[in-house]
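Okay, so here's the structure we're looking at.
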Amino acid sequence: AAALVSGCVLAPRSLTPPDNDETTVALLTGTLPHPMDGIARHPWFAVRRKGATTWMVYEVGGGGAEDDPLRDHPPYGDPILHGLWRGEAGERAADCVERIGPTVKAEIERGYVLYPGPNSNTFGDRVLRACKLAASLPATSVGKDWRGLAGAGLTSERTGVQVETAVLGLKLGLKEGIELHVLGLSFGVDLWPPALILPLGPGRLGFADR
């Protein structure tokens, strides 16, 4: 029980940048500045091509070349790594993020709505699904499930299904478990690694994210 609560049996993924001998794409989220730091997170994709020494960041409200966006990406704090693709998978991911990211970013920035969306978290989820990159944004990435009045499809992890309306939504998946969305807030049970999904802090109570 203590391990579940502390989340220390499965440690969070390392934020140490990997070697640049392969193309790498990373998906991260960070806390918003105070007083939103405990209830909301913001995502960004970091792309570094093979042999490059800098990363290109794709996100709503920012982006561009950075030295170490895995560990230092102001004004966002407490970064968590949610997905990492390298080698051939990294090449495919980089091609897609570079192609899709700017278009999705422009669309969302034109119609940006802080709550319930579309917002920066909507961008993260849309790029994941468009590029078929299996990863999930945390419960505190409010706006990740925004589909307008209604929408349905595969989950971003691609192991389940998701149905959303402007008020209620439901996600069922082999990895994602069961997740209920109420006015954009997520509650549920993650199956692997096991955790309760809550719209506070890192978005989960239990083992660290995949």
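None of the values given here were measured: they were computed from a predicted structure.
Hydrophobic clustering, with ILVMFWY side chains joined whenever heavy atoms are under 4.5 angstrom apart, keeps Tyr115 apart from Val113. Under the 4.5 Å side-chain heavy-atom criterion for Ile, Leu, Val, Met, Phe, Trp and Tyr, Ile108 and Tyr58 are members of the same hydrophobic cluster.
Side-chain atoms of Ser156 come within 3.5 Å of backbone atoms of Ala135 as a donor-acceptor pair (strictly under, hydrogens ignored). Using modelled atom types, no side-chain atom of Asp190 and backbone atom of Ala195 make a donor-acceptor pair closer than 3.5 Å.
In terms of the side-chain contact (heavy atoms from CB on, under 4.5 Å) criterion, residue partners of Ser186 (sequence neighbours excluded) are, by chain and number, Ala139, Lys144, Asp145, Glu179, His181, Ile197. Take Trp44 and apply the ring pair (Phe, Tyr, Trp, His ring centres under 6.0 Å) test, not counting sequence neighbours, and it matches His73. Residues satisfying the side-chain contact (heavy atoms from CB on, under 4.5 Å) criterion with Arg99, sequence neighbours excluded, are Cys96. Partners of Asp19 by side-chain contact (heavy atoms from CB on, under 4.5 Å), not counting sequence neighbours, listed by chain and number: Asp21. In this structure Leu174 satisfies the side-chain contact (heavy atoms from CB on, under 4.5 Å) test together with Thr159, sequence neighbours excluded.
Shown here is Leu170, whose CG atom has more than 12 heavy atoms of other residues, nucleotides or ligands within 6.0 Å.
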Steps toward side chain to side chain contact (heavy atoms under 4.5 Å, CB included) verdict (Glu109, Val60): CA-CA 7 Å; Glu109 288 182 342; Val60 166; 3.8 Å; yes
Stepwise side-chain hydrogen bond (donor to acceptor under 3.5 Å, both in side chains) check, Arg86 with Thr24: CA-CA 5 Å; Arg86 284 176 50 78; Thr24 302; 2.6 Å; yes
Test side chain to side chain contact (heavy atoms under 4.5 Å, CB included) applied to Trp55 and Val47, step by step: CA-CA 5 Å; Trp55 299 76; Val47 177; 5.6 Å; no
Step-by-step side chain to side chain contact (heavy atoms under 4.5 Å, CB included) determination, Ile80 to Leu28: CA-CA 5 Å; Ile80 297 175; Leu28 302 102; over 6 Å; no
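Of the residues listed (Ser120, Pro202, Pro79, Pro138), the one engaging Thr29 in a side chain to side chain contact (heavy atoms under 4.5 Å, CB included) is Pro138, and it is the only one.
Applying the disulfide bond (SG atoms under 2.5 Å apart) test to residues at least two apart or on different chains, none of the pairs has a partner in residues 25-91.
Salt-bridge formation is detected for the pair Asp95/Arg49: a Lys NZ or Arg NE/NH1/NH2 atom is positioned less than 4.0 Å from an Asp or Glu carboxylate oxygen.
One side chain, Glu91 or Thr23, offers a donor N or O that lies under 3.5 Å from an acceptor on the other.
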